[in-house]
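Have a look at the structure below before the remarks.
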Amino acid sequence: MAIRNKNAIKMTPNDVIFNILNYLFFGLFTLICIYPFYYLIINTISANDLSKNGDIMFYPRGIHFKNYIDILKLNGLANSALVSVARTVVGTSATVLASGFLGFMFTQNKMWGRKFWYRFMIITMYFNAGIIPVYMTMKNLHLTNTFWVYIIPAIVQPFNIILVKTFLESIPASLQEAAEIDGAGVLTIFFKIILPLSTPILATIAIFAAVGQWNSFQDTLLYVTDQKLYPLQYVLYTYINQANSLASLIKNSSGLSGEAIAANLATTQTPVSIRMTVSVIVVFPILLVYPFFQRYFVKGIMIGAVKG
Amino acid sequence: MAALTNASSTKKKTFNQKMQGYKLFLLVLPFLVLIFLFAYYPLYGWIYAFYDYRAPLKLEQCQFVGFKWFSTLFTNATQLKQLGNALINTFAMSGLGILTSVLPVAFAIFLTEIKSARYKKFVQTMTTLPNFISWVLVYSLAYSLFTNSGFFNKLFMNLGWIEEPIKFLDSDNHVWLMMCLWGIWKGLGWGAIMYLAAISGIDQSLYEAARVDGANRFQLMRHVTLPGILPTYFVLLLLSIANILSNGMEQYYVFQNAFNREHIQVLDLYVYNIAMGSSHSMSLATAIGIMKSLVSVTLLAVVNGLSKAFRGETIV
């Protein structure tokens with residue numbers, strides 16, 4: 001690509017117009033992609049009586065950070081944050097270790113029935129029993145309303161295992177043979193040689209698994225009714241829907257607002273301020289890690305593309 | 001090749017090698033059990049489709065009804081209408097998805113034409129961000145931007161374009177289009193990455209050769225870049241055809257409300273709604289799920305066969 005740009009031919013008027021439009025288009029689409037996040041953030045740090053009416057549109061006004069302090073006092077929110085963090089950490093670790101291990105094991109020609117078991121795993125990517133039978137399975141395994149329903153079904157992910165296996169096949173087998181001659185067992189080889197070697201691919205898997213766990217919503221919806229196990233995503237969803245009814249309640253009783261409340265309207269919590277602040281808390285970890293890990297995301301999909 | 005050498009050497013395997021083989025197998029066995037439990041064992045749950053299952057009861061306590069639920073689907077007029085409605089929504093969403101699948105291709109081709117590496121990187125980073133947030137958060141953003149006091153209603157009212165706030169979300173108008181647009185907002189930048197990867201894999205000498213032959217920039221885009229990524233496009237297109245019945249339910253679940261239900265209820269969401277909603281028709285939901293699974297697997301086989309016939313390569 002770089003070579004091509006350096007050797008660029010002379011620009012014709014058509015080229016200039018094309019370039020301007022091209023830059024403008026991508027600028028506009030980028031704006032559309034990031035403005036909603038910006039809009040959310042400026043609303044959470046603006047005066048709450050202004051944000052409630054939608055008066056904060058382009059820049060923050062009456063800046064304060066009380067929303068973030070108040071929100072932590074909300075019933076159960078700290079607990080939900082803990083659930084989200086726990087499932088992300090535990091789930092990601094489990095997925096990464098299992099993907100690395102299985103990817104390595106399926107490169108071992110000596111394994112009894114290797115081809116059969118590999119297919120046994122791969123084929124599960126292409127069928128699905130459907131949500132009710134899976135729900136019944138979780139129930140029969142006594143996983144519903146437990147923390148483990150977030151972790152155990154997500155451990156084995158065939159696609160990740162393909163990625164690791166493909167990656168390891170590009171590593172010379174002589175490495176393993178040399179270690180075997182030195183008397184290393186298969187587990188030693190995995191932990192001492194394979195795991196450090198596959199850091200790039202495992203990092204990619206880790207970041208996808210972590211985002212998946214953090215964003216997961218459907219498993220809670222289907223398998224969990226215990227409020228103590230609600231992750232942030234689910235709580236946010238309930239807040240949005242409650243905010244709906246809260247808003248109409250407030251509208252119906254608008255004549256009742258007392259002077260005491262009017263005094264600090266700017267920092268009194270409203271359905272809008274709660275909803276938006278929780279949203280920012282939910283998206284914040286993604287925004288935080290995203291710039292650093294973006295290259296892993298790209299790498300991940302490229303490795304996937306090679307496999308097709 | 002590997003299979004051949006394996007087969008010929010089987011007899012020569014020493015006892016030690018065999019034991020080593022079993023040991024390796026035992027190490028992966030726990031994971032194979034997990035695969036069995038979460039992918040194969042649920043298939044046994046298809047049996048619920050043949051019973052009149054009522055939630056708290058055990059399966060043995062429920063009545064065996066054979067193919068009643070399957071025939072209900074096709075004979076009961078209201079049932080047929082609901083299912084048909086869900087199918088129309090499903091095909092509409094998948095169809096719009098397939099129609100707009102050329103957008104990431106265009107996005108990648110035009111982004112490659114941007115010369116500033118920094119700007120390109122900036123655009124790529126920012127436009128892939130929405131792919132990594134959940135649908136719940138997308139809904140939260142949509143809610144913030146499109147409610148009565150949201151960004152767009154305020155903007156339009158301030159500009160004097162409208163008198164009353166427009167109900168964007170609590171309405172049955174343009175549901176398909178809006179769902180499709182949210183899908184594009186979330187997925188366009190990410191979808192383009194695959195094609196950007198394909199473009200960077202195109203042999204640079206092709207560009208040099210075409211340039212020597214006097215091709216201008218647009219001709220390069222049309223005759224070198226585009227053909228270079230078409231194979232990738234076709235694979236993805238075939239896969240999306242195989243997945244035509246599976247829209248997933250998360251997006252539609254979070255956006256659904258009393259107003260838009262008729263146009264948002266895709267098949268996956270419909271199955272969820274009849275199973276977990278007020279009617280609790282687990283058995284009927286399972287029956288629909290079974291038919292969906294069978295059609296999907298068949299479609300995948302057909303598409304795979306087509307791919308093999310035309311490209312000489314399978315996709316799965």
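Numbered from 1 within each chain, the chains take letters A, B, ... in sequence-line order. Values reported hereafter were calculated over all heavy atoms of this structure, with side chains retained and with hydrogens, waters and symmetry mates removed.
There is no contact between Ile288(B) and chain A, counting heavy-atom distances below 4.5 Å. Residue contact with chain B, scored on non-hydrogen atoms closer than 4.5 Å, involves the side chain of Val156(A) exclusively. Residue contact with chain A, scored on non-hydrogen atoms closer than 4.5 Å, is absent for Lys186(B). For chain B, the nearby part of Ile34(A) is the side chain; its heavy atoms alone come within less than 4.5 Å. When heavy atoms are compared at a cutoff of 4.5 Å, Leu37(B) approaches chain A by way of both its backbone and its side chain. Met276(A) touches chain B through its side chain: at least one heavy atom from C-beta onward sits under 4.5 Å away, while N, CA, C and O do not. For chain A, the nearby part of Asn158(B) is the side chain; its heavy atoms alone come within less than 4.5 Å. For Tyr53(B), the part lying under 4.5 angstrom from a heavy atom of chain A is the side chain only. For a residue to count as touching a neighbouring chain, one of its non-hydrogen atoms must lie under 4.5 Å from one of that chain's; by this rule Leu155(B) touches chain A with backbone and side chain alike. Contact annotation for Leu21(A): neither backbone nor side-chain heavy atoms come within less than 4.5 Å of a heavy atom of chain B. Heavy atoms closer than 4.5 Å to chain A are found in both the backbone and the side chain of Met282(B). With a 4.5 Å cut-off on non-hydrogen atoms, Met138(A) touches chain B through its side chain but not through its backbone. Within the 4.5 angstrom heavy-atom criterion, atoms from both the backbone and the side chain of Leu27(B) approach chain A. If you measure heavy-atom distances from Thr128(B) to chain A, the contacts under 4.5 Å come from both the backbone and the side chain. For chain B, no part of Asn43(A) is nearby; none of its heavy atoms comes within less than 4.5 Å.
Summarising the geometry of Ala98(A) relative to Phe31(B), their closest heavy-atom pair is CB-CE2, 3.6 Å, with the distance given to 0.1 Å. Residues Tyr290(A) and Thr125(B) share a closest heavy-atom pair of OH-O, 2.8 Å. Between Ile240(A) and Val136(B), the shortest heavy-atom distance links the atoms CD1-O, 4.1 Å. In this structure, Ala285(B) and Ile132(A) approach most closely via the heavy-atom pair CB-CG1, 3.8 Å. When all heavy atoms of Pro133(A) and Pro42(B) are compared, the closest pair comes out as CB-O, 3.2 Å. Shortest non-hydrogen contact noted between Trp185(B) and Pro36(A) is CZ2-CG, 4.0 Å.
In this structure, Phe127(A) and Leu43(B) have side chains that are in contact, with non-hydrogen atoms separated by less than 4.5 Å. Side-chain atoms of Asn140(A) and Tyr41(B), non-hydrogen and from C-beta on, do get closer than 4.5 Å to each other. Using a 4.5 Å heavy-atom threshold, the side chains of Tyr272(B) and Leu221(A) count as touching. Side-chain contact between Trp214(A) and Ile133(B): absent, with no pair of heavy atoms (C-beta onward) separated by less than 4.5 Å. Using a 4.5 Å heavy-atom cutoff, the side chains of Leu236(A) and Tyr139(B) are not in contact. The shortest side-chain heavy-atom distance between Leu129(B) and Phe37(A) falls under the 4.5 Å cut-off. A 4.5 Å side-chain heavy-atom check between Ser279(A) and Leu137(B) finds at least one atom pair inside the cut-off. Counting heavy atoms from C-beta on, the side chains of Tyr237(A) and Trp135(B) never come closer than 4.5 Å.
Tyr44(B) and Thr137(A) share no donor-acceptor pair across their side chains, judged by distance under 3.5 Å alone. Residues Ser140(B) and Arg275(A) bring no donor and acceptor atom of their side chains to less than 3.5 Å of each other.
The distance from atom OH of Tyr118(A) to atom CG of Leu32(B), rounded to the nearest 0.5 Å, is 13.0 Å. Taken to the nearest 0.5 Å, the OG atom of Ser246(B) stands 8.0 Å off from the CG atom of Asn128(A). Once rounded to the nearest 0.5 Å, the distance linking NZ of Lys110(A) with CD of Gln17(B) reads 7.5 Å. How far CE of Met136(A) is from OH of Tyr48(B): 4.5 Å, rounded to the nearest 0.5 Å. Ser149(B) contributes atom OG, which lies 9.0 Å from atom CG of Asp55(A) (distance to the nearest 0.5 angstrom). In this structure, the separation between CG on Leu29(B) and CH2 on Trp112(A) is 9.5 Å, given to the nearest 0.5 Å.
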Test log, rule side-chain contact (heavy atoms from CB on, under 4.5 Å), inputs Asn14(A) and Arg217(B): CA-CA 10 Å; Asn14(A) 264 347; Arg217(B) 185 179 185 178; over 6 Å; no
Candidate pair Leu188(B) and Phe29(A), rule side-chain contact (heavy atoms from CB on, under 4.5 Å), full reasoning: CA-CA 10 Å; Leu188(B) 180 53; Phe29(A) 188 71; 3.6 Å; yes
Evaluation steps, ring pair (Phe, Tyr, Trp, His ring centres under 6.0 Å), between Phe18(A) and Phe110(B): CA-CA 10 Å; Phe18(A) 173 82; Phe110(B) 285 102; 5.8 Å; yes
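Looking only at heavy-atom pairs under 4.5 Å with chain A, the residue among Gly45(B), Ser144(B), Ala275(B) that has the most is Ser144(B). For the set Gly130(A), Gly27(A), Pro153(A), the count of heavy-atom pairs under 4.5 angstrom toward chain B peaks at Pro153(A). Put simply, of Asn22(A), Leu222(A), Ile152(A), Ile131(A), the one with the most heavy-atom pairs under 4.5 Å next to chain B is Asn22(A). Options Asn243(B), Asn131(B), Val297(B), Leu111(B) differ in how many heavy-atom pairs under 4.5 Å they form with chain A, and the most are formed by Leu111(B). Contact count against chain A (heavy-atom pairs under 4.5 Å) is highest for Tyr253(B) among Tyr253(B), Trp46(B), Phe36(B). Annotation: maximal heavy-atom pairing with chain B below 4.5 Å, among Leu287(A), Val186(A), Thr124(A), Leu102(A), occurs at Leu102(A). For chain A, the option among Ser283(B), Ala39(B), Gly289(B), Ala49(B) with the highest count of heavy-atom pairs below 4.5 Å is Ala39(B). Interface remark: of the candidates Met125(A), Met121(A), Met105(A), Met105(A) forms the most heavy-atom pairs closer than 4.5 Å to chain B. With chain B as partner, the option from Tyr126(A), Tyr234(A), Tyr35(A) having the largest number of non-hydrogen pairs under 4.5 angstrom is Tyr126(A). When each of Leu141(A), Ile122(A), Ile56(A), Val282(A) is checked for heavy-atom pairs under 4.5 Å with chain B, Leu141(A) comes out on top.
For Phe25(B) and Trp117(A), the ring centers sit closer than 6.0 Å to each other. With ring centers used as reference points, Phe26(A) lies 6.0 Å or more from Phe122(B).
With hydrogens and angles ignored, the 3.5 Å screen pairs no side-chain donor or acceptor of Tyr22(B) with any backbone N or O of Met111(A).
Classification of the Tyr119(B)-Tyr23(A) ring pair by plane angle, with boundaries at 30° and 60°, yields parallel.
Within 6.0 Å of CZ on Phe218(B) lie more than 12 heavy atoms contributed by other residues, nucleotides or ligands.
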